[in-house]
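See below for the structure under consideration.
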Amino acid sequence: MTAPKIVAVYGSPRRNGNTATLLQKAVEGARDGGAEVAEIVLRDLKMSPCLEIYGCKNAGECRLKDDFQKTRDHILASHGLMLASPVFFYTVSAHTKILMDRFQSLWVKKYWVDPRPRDPQKAQRKGLFIAVGATKGKKLFDGILLSLKYFFDVIDMELWKALLYRGLDFEGDVLKFPEYIDEAYEAGMEFAKALEDNVKG
Ligand SMILES: Cc1cc2nc3c(=O)[nH]c(=O)nc-3n(C[C@H](O)[C@H](O)[C@H](O)COP(=O)(O)O)c2cc1C
């Protein structure tokens, strides 16, 4: 059987911060579960924020040429995305938001350039989302999950699972919670299995 293809996107500016540690574990789990995983660290990429020039209005192609195109192509060629971001001002990090905003070109393609009825139940891809915030409020993840929902819609992705952790702030804080690390590993492994249906198409 063909191995499920997963793209793991590190959205924090910290290389070894809390979300990165959890995502590394999920990657390990997914590989042990039989998936092929490509890792992308957003802070290492050259990616401009969306400049809202709507060069994408003609053919749905972003006019800004940088690392967005290869990142987009990787994600669209995958069966699953594992995305990890810290909560920054109740939404995703700036690195993650830049990636999401650049996908506006795909939104334009989907809804303006090539509009046709689509069945929202027929998501082509699945997503595992990991988020971490320092505080403990009930609404900590409301904003980030809303941004994620609309981003996933653009890339025909169904949210398979969200791992959301409160009360983690300094680099290394997550290491005090081995149960979180184990959960991320297990989720990665289960995610690889869950993608088998997507591989079969
Ligand atoms: C710019 C910035 C904004 C932040 N905004 C929030 C916030 O709105 N709510 C919160 O609970 N924590 C907030 N934090 C704390 C981070 O979410 C927290 O430190 C997290 O553990 C960082 O994850 P990382 O190590 O993966 O980068 C913020 C941190 C920074 C640097």
Side-chain angles (χ1 to χ4, degrees), residues 6-32 35 37-52 66-68 71-72 74-75 78 80-104 126-152 155 157 159-192:
I6 295 176
V7 174
V9 173
Y10 293 82
S12 173
R14 278 183 183 153
R15 287 185 192 287
N16 296 301
N18 298 309
T19 53
T21 302
L22 290 161
L23 184 55
Q24 276 152 16
K25 277 290 154 185
V27 167
E28 223 180 282
R31 286 185 177 141
D32 290 348
V37 188
E39 293 170 273
I40 297 177
V41 180
L42 292 179
R43 65 160 287 165
D44 291 340
L45 303 185
K46 292 256 174 298
M47 208 182 288
S48 163
C50 171
L51 298 183
E52 221 181 347
D66 55 20
D67 287 334
F68 169 67
T71 309
R72 174 199 62 195
H74 253 314
I75 292 174
S78 72
L81 169 68
M82 302 201 289
L83 175 64
S85 172
V87 177
F88 280 3
F89 287 93
Y90 287 83
T91 186
V92 290
S93 67
H95 289 86
T96 311
K97 188 62 166 47
I98 285 174
L99 177 69
M100 287 179 167
D101 287 355
R102 292 291 296 281
F103 268 99
Q104 177 69 357
K126 289 189 174 82
L128 166 62
F129 181 59
I130 299 175
V132 166
T135 54
K136 295 193 171 164
K138 222 172 85 196
K139 297 189 170 180
L140 179 57
F141 299 106
D142 286 8
I144 207 166
L145 288 174
L146 207 50
S147 298
L148 187 79
K149 175 176 156 56
Y150 288 98
F151 170 57
F152 274 12
I155 56 176
M157 187 165 280
L159 178 60
W160 173 77
K161 186 175 277 187
L163 300 176
L164 309 172
Y165 300 103
R166 295 174 163 80
L168 304 177
D169 200 0
F170 300 107
E171 197 167 307
D173 273 358
V174 73
L175 299 172
K176 295 178 211 153
F177 297 89
E179 65 275 26
Y180 296 172
I181 310 269
D182 291 348
E183 187 178 37
Y185 176 85
E186 292 300 330
M189 187 174 263
E190 282 171 34
F191 189 50

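These figures come from a predicted structure and were not determined experimentally. Remember, it's 1-based here, ligands and their atoms both numbered in the order they're listed. Hydrogens, waters and symmetry mates play no part in the numbers below; they use all other heavy atoms, side chains included.
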task = Look only at interatomic distance and state if Leu140 has a nitrogen or oxygen under 3.5 Å from any nitrogen or oxygen of ligand 1.
result = no
ask   = Where does the angle between the aromatic ring planes of Phe103 and Phe151 fall among parallel (under 30°), tilted (30 to 60°) and perpendicular (over 60°)?
value = perpendicular
request  = Check each atom of ligand 1 against the heavy atoms of Gly17 and keep those under 4.0 Å away; list them by number with element.
outcome  = 25 (O), 26 (O)
task = Considering heavy atoms of the protein only, find what lies nearest to atom 12 (N) of ligand 1 and give residue, atom and distance to 0.1 Å.
result = Ala134 N, 3.3 Å
pair Ile98-Pro49: side-chain heavy atoms closer than 4.5 Å = yes
ask   = What closest approach, in Å, do Ala187 and Leu163 show between heavy atoms, and which atom pair accounts for it?
value = CB-CD1, 3.9 Å
query = Less than 3.5 Å between some nitrogen or oxygen of Leu168 and one of ligand 1, yes or no?
reply = yes
message = Please list the nearest protein heavy atom to atom 11 (O) of ligand 1 with its residue and the distance rounded to 0.1 Å.
response = Thr135 OG1, 2.7 Å
query = Does any N/O atom on Val87 come nearer than 3.5 Å to any N/O atom on ligand 1?
reply = yes
Residues 174-185 side chain polar contacts: donor-acceptor under 3.5 Å, at least two apart:
residue	atom	partner	partner atom	Å
Lys176	NZ	Asp173	OD1	3.0
Glu183	OE1	Tyr165	OH	2.5
Tyr185	OH	Asp32	OD2	2.6

query = For ligand 1, which part of Ser12 has a heavy atom less than 4.0 Å away: the side chain, the backbone, both, or neither?
reply = side chain
ask   = Purely on distance, is any nitrogen or oxygen of Pro13 under 3.5 Å from one on ligand 1?
value = no
request  = Ignoring hydrogens, just give me the one of Phe170, Phe88, Phe141 whose non-hydrogen atom is nearest atom 2 (C) of ligand 1.
outcome  = Phe88
key: Under-4.0 Å salt bridge between Glu28 and Lys25   = yes
Hey, can you pull the donor-acceptor pairs under 3.5 Å for the side chains in residues 137-144, sequence neighbours left out?
none

key: Numbering as shown, the atoms of ligand 1 that approach Gly133 to under 4.0 Å (heavy-atom distance)   = 11 (O), 17 (O)
query = So does Lys126 pair up with Glu190, basic N to acidic O under 4.0 Å?
reply = no
ask   = Salt-bridged, Arg102 to Asp67, with N to O below 4.0 Å?
value = no
query = Of the protein's non-hydrogen atoms, which lies at the shortest distance from atom 26 (O) of ligand 1, and what is that distance?
reply = Thr19 OG1, 2.6 Å
remark   = Here the atoms of ligand 1 under 4.0 Å from any heavy atom belonging to Val132 are 17 (O), 20 (C), 21 (O)
key: Shortest protein contact, atom 23 (O) of ligand 1 (heavy atom only)   = Pro86 CB, 3.3 Å
message = Can you tell me if Arg14 contacts ligand 1 (heavy atom of the residue under 4.0 Å from the ligand)?
response = yes
task = Using a strict 4.0 Å cut-off to heavy atoms of Tyr90, name the atoms of ligand 1 that fall inside it.
result = 8 (O)
query = Among protein heavy atoms, which sits nearest to atom 19 (O) of ligand 1, and what does the distance come to when rounded to 0.1 Å?
reply = Asp169 OD1, 2.6 Å
note = So CG of Leu45 and OH of Tyr10: to nearest 0.5 Å the spacing works out to 13.0 Å
ask   = With a 4.5 Å limit on heavy-atom distance, are the side chains of Leu42 and Leu99 in contact?
value = yes
ask   = What is the closest protein heavy atom to atom 5 (N) of ligand 1, and at what distance does it sit?
value = Phe89 N, 2.9 Å
key: Straight-line distance of Asn18 CG to Glu171 CD, nearest 0.5 Å   = 8.0 Å
